[in-house]
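Input: a single structure, listed below in structure tokens.
Keep in mind that the numbers below use all heavy atoms, side chains included, and drop hydrogens, waters and symmetry copies.
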Amino acid sequence: GLPTATLNNHNILWETSSPSTILRYLTIMKTTTRIRGERTDCISTGRQQSGYGSFSAGRQHMSWVECHRRSEHLAAEAESAIRLGERSRGIALYAQAAEAEVQGLSELDSSKTRTLGISTVSAVSLWYKAQNYEQAEAVAYHWLDTGRLPEFAEGQLKILLQSIWSEAIRKRAGINI
């Protein structure tokens with residue numbers, strides 16, 4: 001089944017319905033809300049961005065398009081930061097981009113399977129670039145387990161999982177390439 005969400009201390013906590021998912025929860029930090037006229041981001045970076053989410057019945061709703069655009073913007077900033085030698089800033093921006101992409105997945109129309117596949121691969125890739133291999137693996141396993149992804153996305157996620165495992169092994173061994 002689809003994951004369920006609850007709002008807890010400005011985090012959306014996703015509970016998977018599958019026992020085979022390695023990590024049971026995915027957390028998306030600092031969601032967009034519009035409460036008392038305040039304007040914040042899909043994923044907060046300390047700057048105001050265009051677009052508002054709507055907050056209703058204790059759950060954040062923001063369109064897939066808004067979250068995806070936010071993710072693309074943050075990923076472009078991350079690439080620029082890394083090119084400028086600001087590695088730690090770039091990694092942090094990749095993590096924020098991944099969070100935005102994961103949030104967008106929750107808002108995507110379930111009939112858009114190709115978009116779901118592309119966005120899932122994007123989210124896993126962004127977590128990988130953020131060097132958060134546990135989150136990358138968790139997102140990949142969760143969406144592979146749903147059976148809703150197109151074949152191309154399943155194949156790409158399996159390749160990404162192999163890269164994630166290799167990086168995790170290198171990291172544990174203290175090998176930096």
- Query: To the nearest 0.5 Å, what is the distance between OG1 (T113) and CZ (R148)?
  - Reply: 9.0 Å
- Message: Show the nearest heavy-atom pair for residues P150 and G117, with the distance to one decimal.
- Response: CD-CA, 3.9 Å
- Message: Is there a path of hydrophobic side-chain contacts, each under 4.5 Å between heavy atoms, that joins W143 and I159?
- Response: no
- Query: If two hydrophobic side chains count as joined below 4.5 Å and joins carry through other members, does V102 share a cluster with I91?
  - Reply: no
- Task: Quick one: list whatever passes side-chain contact (heavy atoms from CB on, under 4.5 Å) with A78, sequence neighbours left out.
- Result: L93, Y94
- Message: Using a 4.5 Å cut-off between side-chain heavy atoms of Ile, Leu, Val, Met, Phe, Trp and Tyr, which other residues end up in the same hydrophobic cluster as I169?
- Response: none
- Item | From CG (L160) to OH (Y128), nearest 0.5 Å | 8.0 Å
- Heavy atoms of A97 and S71 approach each other most closely as O-OG, 3.0 Å
- Query: Yes or no on side-chain hydrogen bond (donor to acceptor under 3.5 Å, both in side chains) for Q103 and S106, after CA distance, side-chain angles and deciding distance?
  - Reply: CA-CA 5 Å; Q103 183 179 5; S106 70; 5.8 Å; no
- How far does CZ of R69 sit from CG of L74, to the nearest 0.5 angstrom? 14.5 Å
- Task: State the CG-OG1 distance between L149 and T120, to the nearest 0.5 angstrom.
- Result: 5.0 Å
- Return yes if some donor-acceptor pair links the side-chain N/O of E79 with the main-chain N/O of A76 below 3.5 Å, else return no. no
- Item | Residues forming a side chain to side chain donor-acceptor pair (under 3.5 Å) with S80, sequence neighbours excluded | R83
- Task: Starting at OG of S122, measure out to NZ of K129 and round the result to the nearest 0.5 Å.
- Result: 8.5 Å
- Task: Decide whether W127 and I82 are clustered together by the hydrophobic rule: side chain heavy atoms of Ile, Leu, Val, Met, Phe, Trp, Tyr closer than 4.5 Å, transitively.
- Result: no
- For D109, what residues pass the side-chain contact (heavy atoms from CB on, under 4.5 Å) criterion, not counting sequence neighbours? S111, K112
- Go through the structure and list residues passing side chain to side chain donor-acceptor pair (under 3.5 Å) with S119, not counting sequence neighbours. W64, E101
- Message: Could you report the tightest heavy-atom contact between R70 and A100, atom names first, then the distance?
- Response: CG-CB, 4.1 Å
- Message: Show me the pairs that pass side-chain hydrogen bond (donor to acceptor under 3.5 Å, both in side chains) and involve residues 156-166, at least two apart or across chains.
- Response: E137-W165
- Under the side chain to side chain donor-acceptor pair (under 3.5 Å) test, residues paired with E72 that sit two or more places apart: H68
- Task: Step by step, work out the side-chain contact (heavy atoms from CB on, under 4.5 Å) result for L157 and V139.
- Result: CA-CA 10 Å; L157 288 176; V139 172; over 6 Å; no
Using residues 170-177 as the side-chain source, report each donor-acceptor pair under 3.5 Å to any protein atom, sequence neighbours left out, with the distance given to one decimal.
from : atom 1 : to   : atom 2 : distance (Å)
R170 : NE     : E167 : OE2    : 3.4
R170 : NH2    : E167 : OE2    : 2.8

- Query: Could you state the interatomic distance from CD (Q96) to NE2 (H73), rounded to the nearest 0.5 Å?
  - Reply: 10.0 Å
- Between L144 and L126, is there a shared hydrophobic cluster once you connect ILVMFWY residues whose side-chain heavy atoms come closer than 4.5 Å? no
- Fellow cluster residues of I118, listed by chain then number, with links counted only when side-chain atoms sit under 4.5 Å apart: F152
